[in-house]
Structures are given as C-alpha cells and as structure tokens.
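See below for the structure under consideration.
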Amino acid sequence: MSFATEYLETKILTATPHQLHLMVIDGAIRHATAAETALRSRTFTQAETHLSRSNQFVAELIAGLDSGQQPHLVEQLKSVFVYVQRTLGEADRRHDPQPIGDALAVLRLHRQTWLALGEKLAQETPAPHLERSAGFSWTT
C-alpha cells in the first residue's frame with residue numbers, strides 16, 4: 001500500500017460524518033470540473049470517465065439522505081441532487097460542457113451551505129453531539 005493510499009484511508013477513517021460528506025461533495029465537484037475541461041478540449045473518453053465519477057459521488061449524497069428525519073427537507077435535497085445527475089448526464093450525451101457549469105453551481109452552493117451549517121452547529125452544539133444534530137444518516 002502506498003503512502004498516499006494509507007494517508008487517504010486514515011483521513012477517511014478518522015473523519016467526522018460532517019467531514020465525510022464534505023469529501024463526497026468535493027469529489028463530485030473535482031470530477032465535474034475535470035469533465036468540463038475534458039469536454040472543452042474534446043477529450044470525450046476522459047470527460048465520460050469524470051462525469052461518471054461525479055455522478056457516483058452525487059449518488060452517494062442521495063444514498064446518504066435519511067428520509068426518516070426531516071422528510072420534506074430530504075425530498076428537496078434529493079430533487080436537487082437528481083437535477084445535478086440529470087444535468088451531468090445531459091452534458092455527457094450532448095458532449096457539451098455548458099450544463100456542467102449549472103451542475104457545478106448547485107454543488108458549490110451545497111458545499112458553501114454545508115460549511116456554514118458545520119460552523120453554526122459547532123458554535124451551538126458541544127463537539128461530541130455535533131455529528132447527531134443534522135438529521136441525516138451521514139451525520140449519525
């Protein structure tokens with residue numbers, strides 16, 4: 001096992017649920033950005049690979065939603081993530097980087113919101129309880 005692999009594994013195993021969610025968002029953004037660049041340079045195979053990876057990360061965001069808690073909010077988030085998946089799929093089918101910009105705008109806004117939520121919860125909640133406060137399965 002390489003040092004980089006060990007480091008990443010340790011980082012994941014020691015991350016809080018909040019940090020793990022952020023890593024998933026970052027993965028979706030990183031791959032969507034790489035796909036956008038690949039489509040602009042007309043490197044379609046590379047773009048397809050990155051779009052597929054980005055969609056996998058978004059699928060993880062959807063899978064992490066727990067509709068047993070705050071079902072209305074969860075359904076809204078699910079709709080947003082499904083929109084992102086459809087938009088990335090459209091970019092792939094049309095070989096058009098333009099829709100990726102729309103998906104990235106949504107993902108970046110979600111990232112900013114998630115960071116703000118983490119800061120707010122950190123201020124309001126004692127550290128051991130932080131992970132259980134958001135009401136989603138990735139935080140329990």
Side-chain angles (χ1 to χ4, degrees):
M1 186 181 308
S2 73
F3 175 74
T5 304
E6 281 185 47
Y7 173 78
L8 182 59
E9 186 175 306
T10 300
K11 187 173 178 181
I12 290 169
L13 291 174
T14 59
T16 66
H18 183 84
Q19 291 167 329
L20 287 172
H21 184 77
L22 190 58
M23 287 178 196
V24 174
I25 297 167
D26 288 343
I29 291 171
R30 183 176 58 255
H31 284 284
T33 301
E36 185 178 40
T37 301
L39 282 176
R40 290 192 192 289
S41 67
R42 309 201 48 80
T43 314
F44 299 124
T45 304
Q46 191 176 31
E48 183 179 316
T49 300
H50 285 296
L51 286 166
S52 175
R53 289 293 293 142
S54 185
N55 251 325
Q56 288 172 353
F57 280 108
V58 176
E60 286 297 320
L61 293 172
I62 293 170
L65 296 172
D66 179 2
S67 60
Q69 299 187 35
Q70 302 179 13
H72 182 68
L73 176 61
V74 168
E75 283 306 308
Q76 288 179 337
L77 277 172
K78 184 177 181 180
S79 295
V80 168
F81 295 142
V82 168
Y83 166 79
V84 170
Q85 287 187 311
R86 287 183 184 150
T87 303
L88 294 173
E90 177 185 340
D92 192 21
R93 282 187 303 281
R94 292 179 19 203
H95 291 151
D96 180 6
Q98 195 322 17
I100 297 173
D102 296 338
L104 280 169
V106 171
L107 290 169
R108 288 177 178 137
L109 179 60
H110 178 69
R111 185 182 194 283
Q112 290 173 339
T113 303
W114 191 252
L115 287 172
L117 174 65
E119 290 173 14
K120 183 170 175 54
L121 289 174
Q123 292 171 358
E124 294 177 358
T125 310
H129 188 260
L130 177 63
E131 290 84 24
R132 292 185 288 277
S133 299
F136 303 105
S137 66
W138 59 68
T139 60
T140 57

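Considering all non-hydrogen atoms of both residues, Ala28 and Val58 come closest at CB-CG2, 4.0 Å. Heavy atoms only, all atoms of each residue included: His95 and Asp92 are closest at CD2-O, 3.2 Å. Among all heavy-atom pairs drawn from Ala32 and Leu88, the shortest one is CB-CD2, 4.3 Å. The two residues Thr87 and Pro99 have their closest heavy-atom pair at CG2-O, 2.9 Å. When every heavy atom of Gln85 is checked against every heavy atom of Asn55, the shortest pair comes out as CG-OD1, 2.9 Å.
Annotation: side chain of Phe44 is in contact with side chain of Arg42 (closest heavy-atom distance under 4.5 Å). Contact of the Val74 side chain with the Gln69 side chain is not registered, since no non-hydrogen atoms from C-beta on lie closer than 4.5 Å. The side-chain heavy atoms of Asp96 and Glu90, taken from C-beta on, include no pair separated by under 4.5 Å. At least one side-chain heavy atom of Leu77 sits less than 4.5 Å from a side-chain heavy atom of His110. Annotation: side chain of Gln56 is not in contact with side chain of Glu60 (no heavy-atom distance under 4.5 Å). Counting only heavy atoms from C-beta outward, the side chains of Leu20 and Met23 approach each other to under 4.5 Å. Considering only heavy atoms from C-beta on, Leu115 comes within 4.5 Å of Leu22 through its side chain.
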CA sep, side-chain torsions, deciding dist, call: His18, Leu121, side-chain contact (heavy atoms from CB on, under 4.5 Å): CA-CA 10 Å; His18 183 84; Leu121 289 174; 5.7 Å; no
Before you tell me yes or no, could you show the steps for Arg40 and Glu36 under salt bridge (Lys or Arg N to Asp or Glu O under 4.0 Å), namely the whole-Å CA-CA distance, both residues' side-chain angles and the distance that decides it to 0.1 Å? CA-CA 6 Å; Arg40 290 192 192 289; Glu36 185 178 40; 3.4 Å; yes
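The CD1 atom of Ile29 sits 6.0 Å away from the CZ atom of Arg108 when rounded to the nearest 0.5 Å. To the nearest 0.5 Å, atom CD1 of residue Ile25 and atom CZ of residue Phe81 are 6.5 Å apart. Interatomic distance, CD1 of Ile100 versus CG of Leu107, reported as 11.0 Å (0.5 Å rounding).
A donor-acceptor distance shorter than 3.5 angstrom exists from the side chain of Ser79 to the backbone of Glu75, with no hydrogens or angles considered. Arg93 places a side-chain N or O within 3.5 Å of a backbone atom of Gly89 that can act as its donor or acceptor partner. Distance alone, capped at 3.5 Å, places no donor-acceptor pair between the Ser54 side chain and the His50 backbone.
Residues Leu51 and Val82 share a single hydrophobic cluster, defined by chaining ILVMFWY side chains whose heavy atoms lie under 4.5 Å apart. Hydrophobic clustering keeps Leu104 apart from Leu109 (ILVMFWY residues linked when any side-chain heavy atoms are closer than 4.5 Å, directly or through intermediates).
Around CZ of Arg86, the count of heavy atoms belonging to other residues, nucleotides or ligands within 6.0 Å does not exceed 12.
Classification of the Trp114-His21 ring pair by plane angle, with boundaries at 30° and 60°, yields tilted.
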